[in-house]
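Structure, as structure tokens:
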Amino acid sequence: MAGSTSVEPFAGLLAERYRAEHPQSPPINVQGGGSSAGIQAAQSGSAEIGMSSRWLKEEERGLETILIAWDAIAIIVHPSNPLSDLTLNQVGEIFAGRIENWASLGGSDRPITVVTREEGSGTRGAFEELVMGGERITPAALRQDSNGAVRVIVAGDPGAIGYISLGIVDERVKPLSIEGVSPSQETVASEAYGLVRPFLFLVRGEPQGLAKDFIDYVLSPSGQEILEEEGLVRVE
Amino acid sequence: MSAKTSQRVAKTLSWVAGLSTLLLLFFLLFYVLWRGLPVLNLHFLLSNPESMGRSGGIFPTIVGTAALTLVAIVIAVPAGVGTAIYLTEYTQESTLTRLIRFGTDSLAGVPSIIFGLFGFVFFVITLKMSWSILAGGLTLAMMILPTVVRTSEEAIRAVPHDLRQASFALGATRWQMVTTVVLPGALPGIVTGIVLGIGRSIGETAAVILTAGSSLGLPTSLLSPVRTMAVHFYILAREGISDQAAWGTGAVLVVAVLLVNVVINWLIGRMVVRR
Amino acid sequence: MVRERIIRYLLLLVAFSALGSLALITLFIFKEGLPLIVKVGLWRFIFGSDWSPSRGSFGILSMIIGSLWVTTGALIFGVPLGVTVAIFTTEFAPPALTAAVRPLVQLLAGIPSVIYGFVGLTVLVPGIQRYLGGPGPSALAGAMVLAIMILPTIVSISEDSIRAVPREYRDGALALGATQWQTIWRVVVPAARSGIMTSVILGMGRAIGETMAVIMVVGNALAIPFSPLQSVTTLTSNIGLEMAYATGDHRRALFATGVVLFVIIMALSMSASAMSRRSTRR
């Protein structure tokens, strides 16, 4: 399996649990590389299952897409940040570099450190689509190459703001509510929280053998329960 | 400033520089070991990681590191020692040897990320090895080749000339002379080069992540992808998965590097004594 | 005798492994990267200040400047310290200490770069943020980490060249009534100049080429920096950061960045070997 680094930790965990329940099965290799690489890998057959955190583009058709879970993108700040709610528009202004100090949002007088993902990242793609509306993220933004790395930087800087997968949010950072709705499994399931994206498995043709068993496991109630425990939202 | 004062100031400054460098080194080592050693135990070393390394051990990454290093050494040592033998025993200084030396020196300066990019297009993509022990090992072999060449060459040159003459006088062919006189005499130096290469392979990250991948499973063949200890450390640390496990892995890395250095110094000590 | 000849040819073949590797690397990096430089235009690629691969905009000026910042910074911290340490171990330190310092400095060279990066991230970055300001991840943090990483190169090569200065030079100066420091500063260091320069060039090469430690501490912002407390992206950190996800022209642009890096490194290597040839001739 190869693809989205956002899906990778969850797929890795599922593979671990699957192997624990099926000790005789051959190992499942889970590899990062990014959504685009995952789509390519599935198309070329170099990976049996591709992982993507965005829907396929027009020119990428020809693969079976299997929705395994929904993920919310949480806007996170340092726990000491007094703000707890922003509008979608404010988030866009911050990431475009037009709001540069927390004071202009009613926070403390502190410059804002914008933290973003690198180009090509599925999370960044989803964020740009859902928040930026075609606008550029400021070049002054710090760039990190994984959800975890964004979390580390935001956790270490009282002035920082970033966006990561809801499943990765922990006590080191504070997720903001957007338009008055805080990100949680309930608000994602009820479609009240808007910053949501799919986690997909991609296969070429009908999955077979181990790949089929593994996908069935992921979609089974116990597989979905694992994903739910990890902060994702199950598929109906 | 009088000559005397400047002498005193310079001397003090040089002591400060020397001691602060040592302090820096000790701080680095102690910091990593202080944070990492409490995590270390047999379970950590010998069990599989759980939840992508949040808990459990680092066994597959130790296997991965060993496998990659082994492939690199098996390829780089014959090539490197062979180059050194050719340069010292089979040819005179010429444009050709200067060209070979230029290649070795320049290769030594190539940054690891370039090796990574190259290994990725050449071994992983063009030769279809995919992310694997083989692709990573071959890339590392190229990286450590200059080290092996240089240390071997130095060691071979240090073998006294009259020993060679004596060997020829006894009717040995050049190759017999090399295998019976030169190589045994240069062995500690050659091993130093090998150990240096091992050290570099263990610590390399940029080139390895692009060629051997980062898959956490236990490898089953030369074509399996692996995650080395250094890559595991990088991912754990950078993504904040678990600082504890990261420092634990870091401590293993540092201990490995310390061992490598102890071995090198012991070998160099032996060489000096023998000379 | 046939066997001897076969062995000779085999060895000759093997002797080309390093040169061959270098040629292969050059070939493949250029093959992947050059088409994009041609497509974008060398001038726009190098002096373009906008890097937005998804919009088809490939300019690496901010990374070149970022690399310059951290490398220059590393040399500013690392060279005086390294050369002073070399003077210390060769001239001032008692022999027992000299014998201990050398392997210990080499140990610094053996510590994996990711460890430098993480110690930098956990110790230096918060320190810079708290006491000096800015976001923490910065050109300064990168420069400081790199300064330590290039120390072994600078110390060991400077040391060798200082040691190679003939005894008579020192004796002559001392006999004329110069103090030890005057002798070192006026006679020994100038005589060892080209060796010290070689060490600086090689250290510079190492600093420009380092990737993992830098990625972890510089923050990787794309804006062109005007203060050392600002975050920067270097040529290497951008490749390391984006390689995993890049496809098509984006990936070719990263290889093209590799081409630029490779050319810089080769220029440095060549001047270093020219420099050390000069010093051996003298």
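Chain naming here is simple, since letters A, B, ... match the order of the sequence lines and numbering starts at 1 in each. Because the structure is predicted, anything quoted here is derived from the model rather than measured.
A:Arg234 has a carboxylate O that lies under 4.0 Å from a charged side-chain N of A:Glu228, or vice versa, which qualifies the two as a salt bridge.
Classified by interplanar angle (parallel below 30°, tilted 30° to 60°, perpendicular above 60°), the ring pair A:Phe214/A:Phe201 is parallel. Ring geometry for B:Phe118 versus B:Phe122: interplanar angle under 30°, hence parallel rather than tilted (30 to 60°).
Heavy atoms closer than 4.5 Å to chain A are found in both the backbone and the side chain of B:Ser214. When heavy atoms are compared at a cutoff of 4.5 Å, A:Glu230 approaches chain B solely by way of its side chain, counted from C-beta outward. Proximity to chain B is limited to the side chain of A:Val152, based on heavy atoms less than 4.5 angstrom apart.
With hydrogens and angles left out, the side-chain atoms of A:Asn147 and A:Ser165 include no donor and acceptor closer than 3.5 Å. Side-chain contact annotation: B:Thr61 with B:Thr228, donor-acceptor N/O pair under 3.5 Å absent.
Heavy-atom pairs under 4.5 Å with chain A were tallied for B:Gly213, B:Ala237, B:Pro225; the largest tally goes to B:Pro225. Here A:Glu16 is the residue among A:Arg17, A:Arg19, A:Glu16 with the most heavy-atom pairs under 4.5 Å with chain B.
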